[in-house]
Amino acid sequence: PPEQPARGLRLVITAGPTREAIDPVRYLSNHSSGRMGYALAAAGVALGAEVTLISGPVALATPAGATRVDVESASEMLAAAEAHADGADIFIGCAAVADYRAASAAEHKLKKGDDDAGMTLRLVRNPDIIATIAARADRPFIIGFAAETQDVERYARDKLARKRLDMVAANDVSQPGLGFGSENNAALLLWQHGDEVDQCHLPPQPKADLAEAILRQALTCLTPTTPE
Ligand code: C5P
């Protein structure tokens, strides 16, 4: 039988972009394809975990064996994350959550003026989903993602500490052929090891392989082997 080191574990993953309504026909969003989160869900199922995939709007098929919960806005994603994080063993925040939403979504379609004047849209901050889960007393092992264009290690260490995460997978999104929308990705993986931060480089590889490598490292952190 295939080796299933995550058997019996509950894994909750947020994936894809969020969509923040401006009015009934318009929204704010970003370019996340959802591929990395979906690859993590598929890898989790393959390793034997019970997987809940909380997904923003993406054009991807649900990985076989995963339970998908569709959401649109960051507020909806937070509500789903809070509901499903109860009793979870691992929580992975892979979604590209919009940092801001319209202060109030208009009930009817906004009309342009008769002149060439611009318009001002007031934005307010969205909740930080992964930090909210991390602030819980009985929290799962928490893995965050960091997309950076410079000083990857410094920003990743900062994110690990500031959001109180257990592990961060950081990638340099300025590298051609990696990250957003592409099939391949590379990551610098950092994790809390007592008071220290351990790290390893995961070289460019298909997102499916990278997802499995990240999960295997997390499982090692969850079940530390006793030294001989
Ligand atoms: O702060 P930044 O967006 O760079 O952090 C990225 C990490 O935080 C990702 O794991 C992302 O899913 C998570 N995040 C979140 N809620 C937000 C913003 C980011 O869960 N509002």
Side-chain angles (χ1 to χ4, degrees), residues 11-21 27-41 43-44 51-58 60 69-85 88 90-103 123-136 139-174 179-181 185-192 197 202 207 210-211 214-215 217-218 221:
L11 175 58
V12 176
I13 302 167
T14 67
T18 65
R19 218 176 241 189
E20 312 296 333
Y27 57 83
L28 288 172
S29 192
N30 60 63
H31 284 298
S32 170
S33 68
R35 282 203 180 117
M36 192 63 221
Y38 276 58
L40 284 158
V51 177
T52 302
L53 179 59
I54 301 172
S55 178
V58 297
L60 297 172
V69 178
D70 284 313
V71 296
E72 290 222 337
S73 65
S75 303
E76 285 172 23
M77 187 174 275
L78 175 64
E82 294 212 87
H84 291 279
I90 303 176
F91 180 89
I92 308 181
C94 199
V97 182
D99 290 324
Y100 297 90
R101 67 176 182 275
L123 304 179
V124 294
R125 277 296 284 267
N126 264 332
D128 192 310
I129 297 167
I130 203 165
T132 305
I133 301 301
R136 292 182 152 206
R139 55 180 256 176
F141 185 88
I142 299 179
I143 309 175
F145 277 75
E148 307 291 350
T149 57
Q150 57 176 346
D151 288 334
V152 173
E153 183 179 339
R154 185 160 64 87
Y155 286 118
R157 281 178 181 266
D158 174 69
K159 205 153 287 184
L160 194 67
R162 194 164 36 81
K163 299 200 185 200
R164 299 189 53 241
L165 310 179
D166 297 299
M167 179 177 274
V168 170
N171 42 22
D172 184 345
V173 291
S174 67
F180 287 132
N185 209 355
L188 171 67
L189 199 59
L190 299 110
W191 62 94
Q192 219 48 70
V197 174
L202 300 171
K207 285 181 176 175
L210 190 71
I214 292 168
L215 283 181
Q217 183 57 54
C221 296

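Atoms within a ligand are numbered from 1 in the order they appear, just like the ligands themselves.
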### Task
Report the member of Tyr100, Phe145, Phe91 with the shortest heavy-atom distance to atom 7 (C) of ligand 1.
Phe145
#### Entry: Contact with ligand 1 for Asn126, non-hydrogen, under 4.0 angstrom
no
### Query
Side chains of Tyr38 and Ser55: is there a donor and an acceptor less than 3.5 Å apart?
yes
### Message
Under 4.0 Å from a heavy atom of Ile130: which atoms of ligand 1 are those, numbered in the order shown and with their elements?
### Response
8 (O), 10 (O), 13 (C), 15 (C), 20 (O)
### Message
Using the side-chain contact (heavy atoms from CB on, under 4.5 Å) definition, which of the options Val51, Ile142, Leu11 pairs with Ile92?
### Response
Leu11
### Message
Under a 3.5 Å distance rule, please check whether Thr149 uses its side chain to pair with a backbone N or O of Ser174 as donor and acceptor.
### Response
no
### Residue and atom name of the nearest protein heavy atom (relative to atom 10 (O) of ligand 1), distance in Å to one decimal
Gly93 O, 2.5 Å
### Nearest-neighbour protein heavy atom for atom 18 (C) of ligand 1, which is reported as residue plus atom name and distance
Val97 CB, 3.9 Å
### Query
Which bit of Ile129 gets closer than 4.0 Å to ligand 1, counting heavy atoms only: side chain, backbone, both or neither?
both
### side-chain contact (heavy atoms from CB on, under 4.5 Å) between Glu82 and Ile133, intermediate numbers included
CA-CA 7 Å; Glu82 294 212 87; Ile133 301 301; 4.2 Å; yes
### Task
Under 4.0 Å from a heavy atom of Gly144: give me the atoms of ligand 1 that qualify, with their elements.
10 (O)
### Query
Can you tell me the protein heavy atom closest to atom 5 (O) of ligand 1 and the distance?
Lys163 NZ, 3.0 Å
### Task
Among Ile214, Thr14, Ile130, find the one that has a side-chain contact (heavy atoms from CB on, under 4.5 Å) with Phe145.
Ile214
### Query
Is there a donor-acceptor pair under 3.5 Å between the side chain of Arg19 and the backbone N or O of Leu28?
no
### Query
Which is it for Pro127 and ligand 1 at heavy atoms under 4.0 Å: side chain, backbone, both or neither?
backbone
### Query
So, the side chain of Arg139 versus the backbone of Ala134: is there a donor-acceptor pair under 3.5 Å, distance only?
yes
### Task
Pick, from Ser32, Ala15, Ala95, the option with the minimum heavy-atom distance to atom 12 (O) of ligand 1.
Ala95
## Note on the structure
Of all protein heavy atoms, the one nearest atom 4 (O) of ligand 1 is Lys159 NZ, 2.4 Å
### Verdict with reasoning, Ile54 to Met77, per side-chain contact (heavy atoms from CB on, under 4.5 Å)
CA-CA 7 Å; Ile54 301 172; Met77 187 174 275; 4.0 Å; yes
